[in-house]
Amino acid sequence: MSGLEIERKFLVKKGGAYKRAAFSSSHIQQGYIPSETATVRIRLRDDKAYLTIKSKSADGGLSRYEFEKEIRPDEARELLKLCQGGVIDKHRYLVRSGNHVFEVDEFHGDNDGLVMAEVELASKDESFEKPSFIGPEVTGDRRFYNKHMLRFPYGLWRDTLPEEYR
């Protein structure tokens with residue numbers, strides 16, 4: 001897959017409503033290979049693996065070019081050894097809302113306690129229905145980029161968020 005990725009990110013309220021609403025879940029481990037001009041991600045998702053390259057965003061994190069290719073899990077495990085800063089560990093829950101699917105990530109390890117949702121859109125101004133558990137938008141806030149959380153884990157700044165989201 002390749003093309004323009006348009007997504008919006010949100011905090012998720014405590015309580016686990018997203019788990020009850022989910023139609024699917026998976027375990028994800030991902031790391032990042034150093035690059036000055038793009039984000040290069042290696043991801044293991046259950047029994048599948050992917051190499052993803054994303055350009056920098058020119059509009060505050062709302063959209064960017066994305067290239068993704070499925071690779072073999074053994075290749076991903078070897079590439080993860082090249083990643084700097086460790087690995088992001090999370091469970092992803094898929095939740096339908098209107099015509100969209102929200103990906104809700106529950107983080108583990110150094111980012112334990114953080115739950116975020118994102119929705120991919122066809123255009124920047126596309127409307128969508130938010131599930132009741134969706135909180136404030138964090139699109140473009142670097143603290144919530146997975147790559148950033150390897151260097152500055154959620155545990156260091158969780159107290160900056162309202163209680164209902166930590």
Side-chain angles (χ1 to χ4, degrees), residues 4-35 38-46 50 52 54-64 66 80 83-166:
L4 186 65
E5 173 192 57
I6 302 170
E7 67 181 13
R8 292 177 64 182
K9 292 183 176 195
F10 302 87
L11 291 178
V12 173
K13 294 176 186 169
K14 292 191 307 188
Y18 61 93
K19 289 182 184 179
R20 295 185 292 279
F23 67 86
S24 176
S25 69
S26 57
H27 180 235
I28 296 174
Q29 292 181 305
Q30 65 191 41
Y32 298 87
I33 295 176
S35 171
T39 297
V40 181
R41 179 182 71 204
I42 308 303
R43 175 180 280 172
L44 278 168
R45 183 173 185 166
D46 292 335
Y50 305 90
T52 305
K54 295 183 181 189
S55 70
K56 293 186 184 289
S57 176
D59 57 4
L62 184 60
S63 64
R64 56 190 174 163
E66 178 182 81
L80 281 171
C83 295
Q84 283 188 348
V87 173
I88 293 284
D89 187 27
K90 61 188 177 180
H91 275 85
R92 173 165 290 169
Y93 299 86
L94 302 181
V95 178
R96 282 190 188 88
S97 182
N99 296 324
H100 295 88
V101 173
F102 280 76
E103 297 176 337
V104 181
D105 289 343
E106 177 182 33
F107 291 84
H108 308 297
D110 291 340
N111 294 297
D112 194 52
L114 178 61
V115 183
M116 275 191 318
E118 56 186 50
V119 60
E120 290 201 18
L121 305 171
S123 68
K124 293 178 185 181
D125 58 352
E126 181 179 357
S127 62
F128 55 93
E129 279 180 48
K130 288 185 197 175
S132 61
F133 55 79
I134 294 294
E137 185 165 3
V138 294
T139 302
D141 185 333
R142 297 190 64 73
R143 294 179 300 170
F144 298 99
Y145 291 5
N146 285 267
K147 185 176 179 180
H148 185 81
M149 289 189 295
L150 285 170
R151 291 182 52 220
F152 302 101
Y154 174 66
L156 297 176
W157 49 269
R158 71 181 298 141
D159 292 339
T160 67
L161 300 181
E163 177 64 32
E164 66 185 312
Y165 302 104
R166 52 183 152 113

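These figures come from a predicted structure and were not determined experimentally.
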J.: Can you name the residues that form a salt bridge (Lys or Arg N to Asp or Glu O under 4.0 Å) with K13, not counting sequence neighbours?
T.: none

J.: Please report the interatomic distance CD(E66) to OG1(T39), rounded to the nearest 0.5 Å.
T.: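 Between E66 CD and T39 OG1, I get 10.5 Å after rounding to 0.5 Å.
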
J.: What's the spacing between D112 CG and D89 CG if we round to 0.5 Å?
T.: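 If I round to the nearest 0.5 Å, the distance is 9.5 Å.
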
J.: Going by the rule ring pair (Phe, Tyr, Trp, His ring centres under 6.0 Å), which residues pair with H91 if we only count those two or more places apart in sequence or in a different chain?
T.: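 So H91 forms a ring pair (Phe, Tyr, Trp, His ring centres under 6.0 Å) with H27, H108.
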
J.: I need the full list of salt bridge (Lys or Arg N to Asp or Glu O under 4.0 Å) pairs touching residues 149-161, with sequence neighbours left out, sorted by first then second residue.
T.: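 Every salt bridge (Lys or Arg N to Asp or Glu O under 4.0 Å) pair that includes a residue of residues 149-161, provided the two are not neighbours, is D159-R166.
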
J.: With D59, which residues qualify under side-chain hydrogen bond (donor to acceptor under 3.5 Å, both in side chains), at least two apart?
T.: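 S57, S63, K124.
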
J.: Under the ring pair (Phe, Tyr, Trp, His ring centres under 6.0 Å) rule, collect the residues that match up with Y145, sequence neighbours excluded.
T.: none

J.: Show every donor-acceptor pair shorter than 3.5 Å between a side-chain atom in residues 125-133 and any protein atom, with sequence neighbours excluded, or say none if there are none.
T.:
| residue | atom | partner | partner atom | Å |
| --- | --- | --- | --- | --- |
| D125 | OD1 | S123 | OG | 2.9 |
| E126 | OE1 | A122 | N | 2.4 |
| E126 | OE2 | H100 | NE2 | 2.7 |

J.: Taking only residues two or more places apart in sequence or in another chain, which ones pass side-chain hydrogen bond (donor to acceptor under 3.5 Å, both in side chains) with R64?
T.: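 For R64 there are no side-chain hydrogen bond (donor to acceptor under 3.5 Å, both in side chains) partners, ignoring immediate neighbours.
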
J.: Taking the side chain as C-beta and beyond, is there a heavy-atom pair between R142 and F152 under 4.5 Å?
T.: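 Result no, sub-4.5 Å side-chain heavy-atom pair not found.
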
J.: Is any side-chain heavy atom of K90 closer than 4.5 Å to a side-chain heavy atom of Q30?
T.: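 Side chain of K90 against side chain of Q30, heavy atoms only: contact under 4.5 Å found.
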
J.: Kindly write out the residues that satisfy ring pair (Phe, Tyr, Trp, His ring centres under 6.0 Å) with F144, not counting sequence neighbours, or none if the list is empty.
T.: W157

J.: How would you list all residue pairs meeting salt bridge (Lys or Arg N to Asp or Glu O under 4.0 Å) that involve residues 14-26, not counting sequence neighbours?
T.: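 Matches after skipping sequence neighbours: K14-E163, K19-E106.
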
J.: Listing request: all salt bridge (Lys or Arg N to Asp or Glu O under 4.0 Å) pairs with a residue in residues 131-141, at least two apart in sequence or in separate chains.
T.: R8-E137, D141-R143

J.: Under the side-chain contact (heavy atoms from CB on, under 4.5 Å) test, which residues partner D110, sequence neighbours left out?
T.: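 D110 satisfies side-chain contact (heavy atoms from CB on, under 4.5 Å) with P153 only.
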
J.: Rounded at 0.5 Å granularity, tell me how far CD1 in I134 sits from CG in L11.
T.: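 The distance works out to 9.0 Å.
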
J.: Going from CG on L114 to CG on D105, what distance comes out if it is rounded to the nearest 0.5 angstrom?
T.: 9.0 Å

J.: By side-chain contact (heavy atoms from CB on, under 4.5 Å), which residues pair with E103, not counting sequence neighbours?
T.: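 Checked E103 against side-chain contact (heavy atoms from CB on, under 4.5 Å); matches are R92, L94, E118.
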
